[in-house]
Structure formats: structure tokens, C-alpha cells
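Given the structure is predicted, the values throughout are model-derived calculations rather than measurements. The analysis underlying the following values was restricted to heavy atoms, covering all of them including side chains, and did not include hydrogens, waters or symmetry mates. In what follows, chains are A, B, ... by sequence order, proteins preceding strands, each numbered from 1.
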Amino acid sequence: MAETVLELRDVKKVFSDGTEALKGITSTVKKGELVSIIGSSGAGKSTLLRSINRLNDPTGGEILFQGKNILSFKRRDLRQYRRHMGMIFQGYNLVKRSSVIQNVLHGRLGYMNTLSGGFGHFSKEDSFYALEVLSRVGLKDQAFKRADELSGGQQQRVGIARAIAQNPDILLADEPIASLDPNSSWNVMNYLKQISKEDEITTIVNLHQVDFAREFADRIIGVKAGEIVFDGPPAHLTERKTQMIYTT
Amino acid sequence: MSEMKQEKNRTTKNLIITVAAVFFFFSLFQLDVISETFLASFDGLLGITSTMFPPTLDEPIDIFGAAVESLQVAIMGTVFGILFSILLAAFAARNLAPHWSISYAVKTFAAFVRAVPALIWALLFIVAVGLGPTPRILALAVNSIGMLVKIYAESIEEIDESVLDAVKATGASKFQVIMQGVVPMLLSTFISWSVFRFDINIRYAAVLGVVGAGGIGWELVRASRMLAYDQMLAITLVIFGMILAVEMLTRFMKDRVIQVNAKASS
């Protein structure tokens, strides 16, 4: 049995306008698992993922990582915790005017002291490592281009490289292929899965497309109106259950 | 759109055009623009023009020194303007201001400063600190602030926060997020507008000499008072050359900015 890396206990999130985005999510994620969270827009998928690395703060419950409740972390602990969590975004969220390699090097910021990181004095090892990560996603040749010169699929692969450069324990991907065409989507998901398997990185992917979830995930979690309504291997996700997840 | 509404719009348009045309011709007669003096002025113009040639700088005036002083005033005014603008813009930008009322106050202040022309500021500062380059530097700095605070603040407000989320998610500290995320996003806008402002300030620095002793504008006024039109033309040509040179310099700087951005840092 693989060990548990992340444990969610009754995680709740109520936004300041009163919207209940998460109504008590309880689940565990095991090492090396590729979990896909599916559900319609507004079901709380993003909120859940962003709660895990505290880009938004849950209003209740506990999230345990390495035996500690990360919801109690402040500044320094939070920074150190976040570097264990690589995140990939729907809109790639690269610093567009900076070079590709610079964006990948941002993955190292959490390991550097504030000043040298701020002024961008990355070590030689970090730079070589960034190049190595870029070649893993097939973008070594593009390293010194400006990030916005790349195509959407390529930019998302830079996003993956940035996350990998953190040497993360967990990869969080928030709708990584929602803005891509089917071909690039497949390509990006393939890289994600490959890296997740090779490095045994636990990966949690929010997906809108059930087909992709079925094809790539080890386990699927269906979320509906802030609650888990399905949790199991792709084979157990029948047509009827899919419909149940997506109908409101 | 319904036909009625279209018809109504057309009528309004025609009405506005008619009123504007009537007002234009009315003004023409009312102000007596086309009169004998207007026609006679061509002779005067010819007379002045003929005394302008050849342009001379025979008087023992330090035209070069005056030009350099104007340039220095422009540089100082721009630098101070930029520094204070960055500071104020941080409070003027809605997403950075501690409270929306502060943002509103700073923006109103900038709008007020912008509304008062540089020449008026120079006159005010002459009264406050006396003649010399200081009032002109202050006038240019203040006038720059009026414009740059607005532009800087707007570019800060347009920052893509989701990108900052991504940098934050790597475990970066606040300082790192600003330096590696915010600054690259703002840098090119900041630099190109600052260079543009420098361009404007060069022109103003020359003109501001008119109200305060010193600088090349003062020489221009002095020559005109002596009716030395040949000197005036020469000085004007020097100003023209100065502005042209700066124009080339700023264009070169802008190209560099684009190049530097393309290469990015690393």
C-alpha cells in the first residue's frame, strides 16, 4: 500500500459574499496517484485545488501534509510548504515578458533567500536544472525566447516545467487543458502523466473533459455543488454516474 | 435600431453640423479675423522674415551653455518627476492603495496638477524659490507627476493578478513576487512613458526659460526684445537641433528597451 501524502478533513470554504463553495470535503490522496477531479463549472473544483496550496484559505476543516495541518501555517512555513506543491493553471500564468527559462527558474524561488531570488541571481546549477526540465517537456530549443512567443500548448508545457523545477511532492493542475485544442490537450496531458509516473509525483488534475479524465487518471473524484459525489477508479465511472455529476 | 430612431439620429447630426458651421462663420465676422490688418500682416511678416536671414550668433552670448543648462533642467525635472510618480502611483493604484479613498485622493491630486500648465507652475515656483534653474526643475517635476502618476497607476491596475498567483504558488516571498512578477510586467510601460515624458520635458525646459532667467528660452526672449530677429532664428534653430538630437536619443533608448525585453534577463 502506498503511503498517504495528503489528507483532507471536512474542508469548507464560504466566500465573503456567502457562497458556499466547499461543503465539507473529506478525502485522502496516496503517493504517486494521478487523481482527476471532475465536475461542472462552479462545482468547487478550482476552490478545492486552490485551497490545497492556500491560494485561497478554507474557512473550516483541516488539510494534513506530512502530519501537519497546513491551514495553520503562516508566512515562512507557508512558503516552505508551497514549494512542495507545483501548480499548473488554465491560463498558463507565465510572466509573458520574461524568457521561458526565467519562468522555469521561478520554480526555484521558494528555495532561495528573498534578496537573491528577488534580483534573479539564480545559481548555475539551478539554470542547468531548468534547462534539463525544459528538455523533458521538449522545449529546450525555446529556452531563451520570450514566453509569449510560444503557442498555447508550449506555454502550458513551460507551466509544467516551472512546477517540476520546484521538485514538488504534489502537482496541482487547475484545468490545464481547458484553453487548448484537442491535439495540444492530449500532448500536455501526456507530458503530465509521464512526469507524474517517472518521478512518482502525486498529481491532482481538475478536468472539465470526462474523456481525458478516463484516459489519464488512476482515480476520479466527482464534485458537485461543493461535495464529493463520486470517488473511484475510471472503470467505475458509469455513464449514469457521469450524468449524475454533471446535472444540477 | 428602429427606423424612427435612425431618422432621429440623422436629424440630430444635421442640426449639430449646422449650428457648428453657423457659429464658425459668425465668429469669423465677430472677431474681425478677415480684415485689412489681417491682409496687411503679410507685409509685416515678409519684413520680419527678411531680417531673420542670415541667422547669426554674433553677440557674445553663451548659447551652448544655455542649451546645456536647459538639458540639465529637463533631466533633473524628469528624474525627480519619475521618482515621486512611482511613489505616488503605488498609492493611486486601486489594487495597491491601503484604502480606496487614498487612491481617489492621489488621483484627484494628479488630475489637478495636470490641469495647471507647466508655465504657471514655473511662475509659482519663481515666486517661491526665486530665479534660476530650481523653479524650472520643480515646475517640470510637478508637471511630470501629474501625467506619470496617472499612467503608472493605470498600468499597475492592469496587472494580471493570476500571474502573480502562479509566482506565489512556487513559494516565492512577497519581495520576490514583486521583483520577478510585477516588475517585468510593468517595466516596458514604465520606461517607454518615462522616455516620452523626458521628450516633453526637453521642449518645456526650453520654453520655461521665457519666464525665469537662464536657459535657452531666456536667450530667445532677450533676442526678441532687442528685435534681433536674426539671433532669434539662430536660437530657434539651436532649440530645434537640440530637440531633434534628443528625439533620436529617445528613439534609440526605446529600441533598446524593446531589445532588452526580448532578451529578458537570465
Side-chain angles (χ1 to χ4, degrees), chain A residues 50 52-56 75-76 78-122 126-127 130 143-147 149 159 162-163 165-166 168 172 174, chain B residues 86-87 89-90 93-96 98-100 151-152 154-196 253-266:
Chain A
R50 291 168 68 89
I52 294 174
N53 69 350
R54 295 268 309 271
L55 280 182
N56 61 35
R75 290 167 165 257
R76 208 190 158 74
L78 183 60
R79 264 192 77 188
Q80 280 183 0
Y81 164 70
R82 273 182 180 157
R83 67 187 194 203
H84 295 291
M85 305 281 140
M87 191 158 194
I88 297 155
F89 298 82
Q90 176 180 351
Y92 329 132
N93 296 12
L94 304 177
V95 180
K96 294 188 183 61
R97 287 178 183 280
S98 295
S99 65
V100 167
I101 188 164
Q102 185 82 9
N103 272 286
V104 178
L105 282 166
H106 286 160
R108 302 304 300 168
L109 286 174
Y111 292 93
M112 302 170 73
N113 84 45
T114 265
L115 281 182
S116 58
F119 289 108
H121 295 306
F122 298 100
D126 279 352
S127 299
F144 295 98
K145 281 193 180 167
R146 251 173 70 154
E149 288 177 53
R162 173 173 61 192
Q166 288 174 234
L172 306 169
D174 191 6
Chain B
I86 290 175
L87 208 70
R94 247 178 294 114
N95 47 356
L96 278 187
H99 191 253
W100 64 267
I151 284 160
Y152 289 171
E154 274 170 7
S155 63
I156 293 174
E157 281 168 4
E158 277 165 20
I159 278 183
D160 185 354
E161 306 238 4
S162 56
V163 174
L164 303 187
D165 269 355
V167 183
K168 225 192 287 171
T170 66
S173 66
K174 200 156 191 178
F175 178 71
Q176 289 174 339
V177 172
I178 291 172
M179 292 296 287
Q180 294 291 316
V182 178
V183 170
M185 276 196 266
L186 294 180
L187 203 61
S188 75
T189 334
F190 268 43
I191 292 179
S192 60
W193 278 102
S194 305
V195 167
F196 179 51
M253 280 159 78
K254 273 180 203 163
D255 287 347
R256 289 284 305 183
V257 171
I258 294 165
Q259 274 175 25
V260 167
N261 260 312
K263 264 193 255 163
S265 47
S266 87

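Residue contact with chain B, scored on non-hydrogen atoms closer than 4.5 Å, involves the side chain of A/R162 exclusively. Contact of A/R108 with chain B is not made at all, since no heavy-atom distance falls under 4.5 Å. Heavy atoms closer than 4.5 Å to chain B are found in the backbone of A/N113, but not in its side chain. Contact annotation for A/M85: only backbone heavy atoms (N, CA, C, O) come within less than 4.5 Å of a heavy atom of chain B. For chain A, the nearby parts of B/D165 are the backbone and the side chain; heavy atoms of each come within less than 4.5 Å. Using a 4.5 Å cut-off between heavy atoms, A/F119 contacts chain B through both its backbone and its side chain. Heavy atoms of A/L172 lying under 4.5 Å from chain B are absent altogether.
Judged by distance alone, with hydrogens and angles left aside, the side-chain atoms of A/D174 form no donor-acceptor pair with the main-chain N or O of A/M87 at under 3.5 Å. Without hydrogens or angle criteria, B/Q176 side chain to B/S173 main chain gives a donor-acceptor distance under 3.5 Å.
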Residue pair A/F122, A/Y111: steps toward the ring pair (Phe, Tyr, Trp, His ring centres under 6.0 Å) verdict: CA-CA 10 Å; A/F122 298 100; A/Y111 292 93; over 10 Å; no
Test side chain to side chain contact (heavy atoms under 4.5 Å, CB included) on B/E158 and B/M185 and set out the steps. CA-CA 10 Å; B/E158 277 165 20; B/M185 276 196 266; over 6 Å; no
Side chain to side chain contact (heavy atoms under 4.5 Å, CB included), that's the test. Do A/V95 and A/Q102 meet it? Break it down for me. CA-CA 9 Å; A/V95 180; A/Q102 185 82 9; over 6 Å; no
Using side chain to side chain contact (heavy atoms under 4.5 Å, CB included), reason through A/R82 and A/L55 one step at a time and then give a plain yes or no. CA-CA 10 Å; A/R82 273 182 180 157; A/L55 280 182; 4.2 Å; yes
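Listed options A/G91, A/G118, A/G110, A/S116 were ranked by heavy-atom pairs under 4.5 angstrom with chain B; first place goes to A/G118. Ranked by heavy-atom pairs under 4.5 Å with chain B, the list A/R50, A/R54, A/R76 is led by A/R50.
Atom-to-atom distance recorded for A/R97:CZ and B/L187:CG is 9.0 Å, nearest 0.5 angstrom.
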